[in-house]
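This chain uses plain numbering: 1 for the first residue, then up along the sequence.
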Amino acid sequence: MFLDPPARDEDAPPPATSRRARRDDREARARRRRDRRRRATTVLALVALLLGGVGFVLWSVFGDLFTGGDDAAATVSDYPGPGSGQIQVTVAAGDTGQVIGQTLVEAGVVATVDAFAAAYDANPQATSIQPGTYALRQRMRAVDAVDALLDQENRVSVRVTIPEGWTAAQVYDKVYEVTTIPVDELAAAAQDPAALGVPVEAGSIEGWLAPATYEVDPGATAAEVLGRMVARTVQDLTARGVAPEQMQRVLTVASVVEREAKRDEDRPKIARAIENRLADGMPLQVDATVLYGIGVTGRGPTGDELADAGNAYNTYEHTGLPPTPIGGPGAASLDAALAPAEGDWLYWVTVNFDTGETRFAATYPDHLENKAVMEEWLAANGY
């Protein structure tokens, strides 16, 4: 059977074992609270340290975005890339890696010159970076910037190549074809040759447009393009010691040599024959000048054209040099005009149009013999 428990005296003190248990429990709970506080403090410290490190990295790379600073080198030696946006930068002929790096830093493409120079030196192809204007991103890695400059797809300037002997009209057509600068604008700019750097006494741009390859940047004007060609001619003549008042004559002689010579070794001889004819008061009798005067190429002049005294460039009818050069001479023709070969030649004729062989004569009978050789070759080759 079940017996009821004895009645408890509410005022009686608890047993000693019960008090110790409660004290131990309180101490255990206190220890657990202290442990939780220590763990929380440690975690907060680690989080703060982590966030501080991330913040430092972000500020190092992007700090100037928020501060408005322009000197990226003050905060980072190289951008992480890949960059953003687009900007055009120009590499000039002869620029070293240091110079290119400075250009890119100023444009905001790379962070420091040192980073770019190191990337440039590490890339064996870097020395083949071509002059021109390139479309690049801003905030690129230095190695990526070097690669971008080597990629011709990023080049926005165009290259215009002017062959030796071309007339101004031919140059205008070529420039228009490559750059879309209208021929009318080029011809209009050429109407003031002195403004383009041509000596006043020359009076014409003909012959002053140096044959060479030019980089034309977007937005270039007709005057800027032609002015660079004129400057190249002035530079070439000055480097050869030609006085400004003699430049037009040298260009005129050289332009005739350019049209008449088929081989470089014949140029000094033709220059001498021209000078000998001028000294003797003989007409030059050059077909190329006659054709220039009537604006045609690729054939010989007709009898009527040779007899046309109204053509100021008809050197059969008029003695002396033509009024202007008849094209832009190359370096070999300039050198020939300045240093003609020694000889008494008055005549020259190409006797083989495949090889360019040219024969020279001091007398007219000898010249007729050379012409006979030419006619034999023409007959043998179906002309």
Side-chain angles (χ1 to χ4, degrees), residues 163-167 170 207 249 251-323 325-383:
E164 297 168 342
W166 270 23
T167 66
Q170 289 174 306
R249 186 185 190 280
L251 283 176
T252 303
V253 173
S255 71
V256 176
V257 172
E258 186 67 51
R259 287 292 188 87
E260 290 292 299
K262 305 298 185 293
R263 303 180 302 182
D264 283 349
E265 60 263 35
D266 294 329
R267 297 180 195 277
K269 293 181 179 180
I270 293 175
R272 173 53 62 193
I274 290 172
E275 296 294 352
N276 288 343
R277 279 180 166 261
L278 293 172
D280 289 352
M282 297 176 62
L284 292 183
Q285 297 182 321
V286 175
D287 291 355
T289 65
V290 177
L291 295 174
Y292 174 86
I294 60 177
V296 299
T297 58
R299 64 170 176 82
T302 65
D304 289 341
E305 290 166 347
L306 291 175
D308 181 11
N311 179 357
Y313 290 84
N314 186 344
T315 52
Y316 285 83
E317 292 292 323
H318 304 286
T319 58
L321 290 170
I326 59 173
S333 294
L334 286 175
D335 292 337
L338 291 168
E342 292 298 325
D344 57 357
W345 310 289
L346 293 171
Y347 307 92
W348 68 89
V349 62
T350 301
V351 299
N352 186 315
F353 288 82
D354 285 340
T355 65
E357 179 187 353
T358 300
R359 294 191 181 183
F360 296 83
T363 67
Y364 190 64
D366 289 344
H367 177 58
L368 290 179
E369 291 182 7
N370 291 337
K371 284 188 67 177
V373 175
M374 176 196 70
E375 290 165 357
E376 289 177 4
W377 186 91
L378 291 173
N381 287 274
Y383 287 91

Under 3.5 Å: donor-acceptor pair, side chain of Asn276, backbone of Trp345: yes
CD on Glu265 to CD1 on Ile270, rounded to 0.5 Å: 10.5 Å
Distance in Å, Thr358 OG1 paired with Arg263 CZ, rounded so as to fall on 0.5 Å steps: 6.0 Å
Closest contact, heavy atoms only, Thr350 versus Met374: O-CG, 3.2 Å
Spatial distance of atom OG1 (Thr302) from atom CD1 (Ile294) [nearest 0.5 Å]: 6.5 Å
Nearest non-hydrogen partners of Val349 and His367, listed with the distance: CB-CE1, 4.0 Å
Backbone of Ala361 reached by a side-chain donor or acceptor of Asp366 within 3.5 Å: no
Between CG on residue Leu284 and OH on residue Tyr316, distance to nearest 0.5 Å: 10.0 Å
Side-chain donor or acceptor of His318 paired with backbone N/O of Pro283 under 3.5 Å: no
Polar side-chain atom of Asn314 near backbone of Glu305 as donor-acceptor pair, under 3.5 Å: yes
Closest approach of Ala337 to Val253 (non-hydrogen atoms, all atoms of both residues): CB-CG1, 3.9 Å
Gly328 backbone acceptor or donor facing Glu258 side chain under 3.5 Å: no
Nearest-0.5 Å distance that lies between atom CG in Leu306 and atom OG1 in Thr315: 9.0 Å
Distance in Å, Arg299 CZ paired with Asp287 CG, rounded so as to fall on 0.5 Å steps: 10.5 Å
Smallest separation among heavy atoms of Ser255 and Gly327, with atom names: CB-O, 3.5 Å
Arg249 and Leu321, any side-chain heavy atoms less than 4.5 Å apart: yes
Results of side chain to side chain contact (heavy atoms under 4.5 Å, CB included) for Asp354 - residues two or more places apart only: Asn352, Trp377, Asn381
Backbone of Leu346 reached by a side-chain donor or acceptor of Arg277 within 3.5 Å: yes
Minimal non-hydrogen separation, Arg259 against Gly165, with atom names: NE-O, 3.3 Å
Cation-pi, Tyr347 ring and Arg359 (6.0 angstrom, 45 degrees): no
For the student: nearest non-hydrogen atoms of Val257 and Ser333, plus distance: CG1-OG, 3.9 Å
Close side-chain approach of Ile274 and Trp348, heavy atoms under 4.5 Å: yes
Thr297 and Leu291, any side-chain heavy atoms less than 4.5 Å apart: no
Presence of salt bridge, Lys262 and Glu357, under 4.0 angstrom: no
